[in-house]
Every structure is written in structure tokens, then in C-alpha cells.
Amino acid sequence: MLSLAAARSLIEQHVQPLEPVATPLAVARGHILREDIFAPDDLPAFDRSAMDGYAIDAKDLSPKFRVVMEVQAGQAPAQKIGPGECARIFTGAPIPGGASQVIMQEDVERDGEWITLRERDKKTWIRYRGEDARQGELLLAAGVRLRAGELSLLAQLGTVQPRVGCAPRVIHFATGNELVDPSAAPGPGQIRDSNSTLITALLADVGAHLVAQDRCGDALDTLVQAIRQHLAESWDCLLISGGASVGDYDFGTRALAELGFQVHFGQMSIRPGKPLVFATRGGQIAFVIPGNPVSHFVTFQIAIRLALERLEGAVSSWETVSLELAEDLPAKPNERHTLWPVHVGLRDGALRVWPLSWQSSGDLRGLLGANALVPIAPGAGGAKKGDCVDCVLLAALP
Ligand code: AMP
Ligand code: MG
């Protein structure tokens, strides 16, 4: 059976990034930058004052200086200063010709149009042209996610329409004759559909765009019809919840075959979530996800998320961080690779790991606060409170 690493590498191999789109800064937040950004000019572009004060020639040893002009931020200095002269200057204002130092106003005695210096600082208090970056320097590499810092840098550079990865458009169908809407009272043998809500939230977490969601029962034709109702051009990723296995009513794989998808794998040697199906049709991708809610969560995090990030053009990683267990991790050795949902949180100034209770793949309390997974290799067991375990973080650190 396919290992997790092999499954992830098949996904990387078969999912190609969507065409990037020039996007206004106001809506580019959270998207992946898809072009390298170089400094179009020196940064800062001109020598400017780092203080409110007076601009003088550092070599001018006059006992006092006459204030001959004022330069505010946003003004171009009208003239140069000469010997014995200075300019009143404010933070961010361009340094006038003839000046090579700014004296902080706190170090100056002013008397009408004259100043005397109480102190001569060694610092020039000038932010020099090109001090932050030289023209042509690489400032942002393609692949970074645009957050406040990156977006404001782009604004500073005048890159107001960066090319970013598109949010993948996802359609989702929950299969199962037993499912009713969460607002309904289940009849005999029925259960509420919780996976649609789970998938909606997980897609929002990764910035994907859920364009359609529906519930269909366990009939092949109904499922195929429901999918066909959505024009092929209108979505990038199809998710089918349930029906991934080999039961008589598990139609996921057959539906994909009927729709012309090529299946790349149908099982992974992991738990929970063994029967995950991955398929592609041209640039479109599809997964059939095992119906159990914990399987849903785990397979989304380890496989579907990778595919969605790759569509967006993000660089995914499977880096782990070693953290101390706040409680025992009661895993029993298993032949499959186990991914145990945990909560990583702060206690006494350190990040620690709380394993979530995992009674069965259907127990949703096992996902409360889940923000990391602890991978447990085939054959390896659990660990004790106080031991360090490797964690794959699923969210920004708490
Ligand atoms: P399946 O993968 O379709 O065989 O489903 C496996 C288990 O997950 C069954 O117990 C289903 O009733 C349950 N299940 C399937 N879909 C959902 C859903 N949308 N919400 C909650 N449980 C589900
Ligand atoms: Mg089912």
C-alpha cells in the first residue's frame, strides 16, 4: 500500500499551479505571490532626515548657525545651505544640498533665526539613499504568502497589481443516504451531515473558494448528474465526501471514472483515512474522502491541503517541530503510519502538546482544538507526558 510520502509526491507530480492573476493589493491579502519582486529604485530613493531638527554641514565648525530655510516632509529643498547656515528640517524631509548631518532639535538652543548646538552627535541622523536596498535587489521571492508586511512593501514599491495565485474553486458533494441537514432531526438510522460544515471551514482556513456544495445520496447516477451540473470551467477541485471505500454503495471512484478522471491512488497506508482517492482530469483535481469525520480532517490536512496549496502556487512543507507532551499519547503500534490529532498550546511560557481523545474515527470531540498532527511511524507506539514528540503544525502558532 502507498506510503504517505509516496502519496504526497504523486499529488505534487500531478497538480499544476493555476495561472496567476494580477490582483489589487486590497484583495491580494493571504494569496501567494507568483512573481519575483525587485527594487525598482534605491530604497530610500533620496537622503532624508531621521529626526526633527536642523540640517548642517558636519564639517562646519561655526559657533552658531543661521536658519535660512525650512524643509518639511514632502517638500523638495529650494536651495543649498552655505557656511554658517542650517535648515530647519523634519523627519522624512529630503536633506538639502550642502548639509551632511541633522542635529536633533533636543540638542539645539534656538534664538530667533539662530541656533547654537548644545551637543554634536556622532550620528548623522540621515537615512541614506539605497541604505535599505539597492535598485534591482530581490525583495520578495515568488511563493511567499502576502501578509501585512509584504503588502505594505509592495505598496511602497508601487507594485499595486502583483501577480498572485488564484484561490482554487472547489465543489463539494457529501454522499450518504443516511445524511440529513444539520438543522433537521434525524429519523431512524439517519445522522446529521457534519462533514459539509467541516469541509467548508477547512477550505476557508486554506483560502480556497467553495463555489458549490450539495448533498446527494448513495446512487452513482445522482452523484454524476450533480457534478455534471457544474460547468467544467467553473471549478478546479472536486471533493466527494464518503463513498471512498469498497462497499456496494461506495461510488466515488466509479463516478470519477465516468467523468473521465484518471485515478492516481485509491488508498494510503495511514490511519485514520486509509481509503483516500486522488484523481485528475487535465488541470482539474478530485478527491474522494473517507466519510468518517476524523478521517476527513486528517486526509484534508495531509493530502487535500497539499493539492490546494499547489494549485495556488504555494510551496508546501512537511516540517515537524519537536514539542513536549502535556499528557500521555496513548497510541498503540500499528502497521500503518498514524497521524494523531493534537492541540498545541501555551503553558508556563512554553508550547506543549495535548493529544486529543481519539475513541473512534467518528468521535468529533477528537478534533476540538486540533491544530497539529503527531506522525507515528509504522510499528512505533505512543509516548509519555514530558516526552518530546514531532508535530506537524496545521495553523499559525497560538
Ligand atoms: P463512508 O466513507 O461513506 O463509508 O462513511 C463512513 C462513515 O462516516 C459512516 O459511518 C458514515 O455514516 C459517516 N459519514 C459519512 N458522511 C458523513 C457526513 N457527511 N457527516 C457525518 N458523518 C458521515
Ligand atoms: Mg457512505
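Order of appearance sets the numbers: ligands from 1, and atoms from 1 within every ligand.
Proximity to Gly242 (heavy-atom distance under 4.0 Å) selects the following atoms of ligand 1: 2 (O), 3 (O). Ligand 1 places these atoms under 4.0 Å from at least one heavy atom of Asp193: 18 (C), 19 (N), 20 (N). Atoms of ligand 1 found under 4.0 Å from any heavy atom of Gly243, numbered from 1 in the order shown, are 1 (P), 2 (O), 3 (O). Taking every non-hydrogen atom of Asn195 and a distance limit under 4.0 Å, the qualifying atoms of ligand 1 come out as 16 (N), 17 (C), 18 (C), 19 (N), 20 (N), 23 (C).
The aromatic rings of His172 and His296 lie perpendicular to each other, with more than 60° between the two planes, well past the 30° mark. Between Phe278 and Phe265, the ring planes lie tilted relative to each other; the angle falls in the 30° to 60° range.
The shortest N or O to N or O distance between Pro290 and ligand 1 is not under 3.5 Å. Checked against a 3.5 angstrom limit, the closest N/O atoms of Ser196 and ligand 1 fall outside it.
Counting protein heavy atoms only, atom 20 (N) of ligand 1 is closest to Ser194 N, 3.1 Å. If you check which protein heavy atom lies closest to atom 4 (O) of ligand 1, you get Asp250 OD1, 4.0 Å. Ranking protein heavy atoms by distance to atom 22 (N) of ligand 1, first place goes to Ile191 CD1, 3.4 Å. For atom 12 (O) of ligand 1, the closest heavy atom belonging to the protein is Glu178 OE2, 2.6 Å. Shortest contact from atom 7 (C) of ligand 1 to any protein heavy atom: Asn292 OD1, 3.6 Å. Atom 5 (O) of ligand 1 has Gly291 CA, 3.6 Å as its closest protein atom, hydrogens excluded (heavy atom only).
A donor-acceptor contact shorter than 3.5 Å links the side chain of Arg34 to the backbone of Leu18. Side chain of Asp328 to main chain of Lys385: a donor-acceptor pair is present (N/O by atom type, distance under 3.5 Å, no hydrogens or angles).
When hydrophobic clusters are built by joining Ile, Leu, Val, Met, Phe, Trp and Tyr residues whose side-chain heavy atoms come closer than 4.5 Å, directly or via intermediates, Trp318 is grouped together with Leu311.
A donor-acceptor contact closer than 3.5 angstrom is absent between the side chains of Arg336 and Ser269. In this model, no donor atom of one side chain and acceptor atom of the other lie less than 3.5 Å apart for Ser3 and His337.
Applying the 6.0 Å contact sphere to CZ of Arg365 captures no more than 12 heavy atoms from other residues, nucleotides or ligands.
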